[in-house]
Amino acid sequence: MSYGLYRFMVPKIKICGLTNLEAVNAAVKNKVDYISCVFYKYSPRNITPQFAESITEEIPNRIQKIAVLSTYESNIEDIIKYYKPEILQFHSDEEVDDILKIKSRFGLPIIKTIRVNKLEDLKVINKYSEIADMYLFESYSDNNLYIDKPGNKFDWSLLKKVKIDKPWFLSGSLDKYNVNYARRVSGAVMINASVTLESSPGIKDPNMIEDFIKSVRNPNY
Ligand SMILES: O=C(O)c1ccccc1NCC(=O)[C@H](O)[C@H](O)COP(=O)(O)O
């Protein structure tokens, strides 16, 4: 995509791993498009479905709620019942059939995370293309399989080298300084950020959320 065209595409922003009302309010105030809560017991961002419901119940309808979970999680019924996500995001090496069962049962669209460090990692898109409605691309480190640490990035330009058959988010240590460069070299229209907006593990800083969203919306900010 030429830079000229890219400049006119309105970016969509997802803030992931919200754990308190202040962070949700900062995301809402700054007109985020998607928010995600994490339901993964080893994550510092893990919260209960009931608490996720309580911090997100007042958000406007235009913001879509995403649940980050795994097919191995046992509390999916509670996640659906209380948090009421509009999209489910699967983040590990789930089997296609297991995701399909959940998709058919709850009738919700699926984001499949694809972890990328080299071009051949992108082949896994083929495996999930039947069941995924969107992808989320991020990097991985061998010693930390499912939870990225700040600073984990991949060569974003790899995403321009393959045909991607669904809408997709770019993720992985995006911050207010690198996000517009990352969008340019990857062609991303949809952006996900989490750890880079935290003052301590699991705790998002409302000012960092605001600065991040402003810098995506206005690259000269
Ligand atoms: O965020 C978590 O703690 C997490 C734990 C287990 C599975 C997935 C998890 N996050 C889901 C994501 O979409 C991304 O990993 C995360 O937002 C990465 O973004 P960033 O921290 O900005 O690199």
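Ligands are counted one by one from 1 in listed order, and the atoms in each one are counted from 1 as well. Keep in mind that this is a model prediction, so the values were computed, not measured. Sequence positions, counted from 1, serve as the residue numbers for this chain. Side chains are part of it too, since the values below use all heavy atoms of this structure and drop only hydrogens, waters and symmetry mates.
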Please determine if [X] and [Y] form a salt bridge, counting it only when a charged side-chain N lies under 4.0 Å from a carboxylate O.
X: Asp121; Y: Lys118; value: yes
X: Asp98; Y: Lys112; value: no
X: Arg105; Y: Glu77; value: yes

Original post:
To the nearest 0.5 Å, what is the distance between OH (Tyr181) and CG (Leu174)?
Top reply: 12.5 Å
Purely on distance, is any nitrogen or oxygen of [X] under 3.5 Å from one on ligand 1?
X: Asn192; result: yes
X: Pro44; result: no
X: Arg45; result: yes

Ligand 1 atoms in contact with [X] (distance to a heavy atom under 4.0 Å):
X: Ser43; value: 2 (C), 3 (O), 5 (C)
X: Gly172; value: 23 (O)
X: Val195; value: 20 (P), 21 (O), 22 (O)
X: Gln89; value: 11 (C), 12 (C), 13 (O)
X: Cys16; value: 11 (C), 12 (C), 13 (O), 17 (O)
X: Ala193; value: 22 (O)
X: Ser173; value: 20 (P), 22 (O), 23 (O)

Original post:
What is the ring orientation for Tyr135 with Phe137, classed by angle as parallel under 30°, tilted 30 to 60°, or perpendicular over 60°?
Top reply: tilted
Original post:
Does any donor atom in the side chain of Asp205 or Ser199 lie under 3.5 Å from an acceptor atom in the other side chain?
Top reply: no
**OP:** Would you check if there is a donor-acceptor pair between the side chains of Gln89 and Lys14 at a distance under 3.5 Å?
**Re:** yes
**OP:** Check each heavy atom of Val38 against ligand 1 and say whether those closer than 4.0 Å belong to the side chain, the backbone, both or neither.
**Re:** side chain
Original post:
If we only count heavy atoms from C-beta on, is the Phe39 to Tyr83 side-chain gap below 4.5 Å?
Top reply: yes
**OP:** Look at atom 18 (C) of ligand 1 and find which of Lys14, Glu198, Glu138 reaches it with the closest heavy atom.
**Re:** Glu138
Original post:
Can a non-hydrogen atom of Ser171 be found less than 4.0 Å from any atom of ligand 1?
Top reply: yes
**OP:** Answer yes or no: are there more than 12 heavy-atom neighbours, outside Lys103 itself, under 6.0 Å from its atom NZ?
**Re:** yes
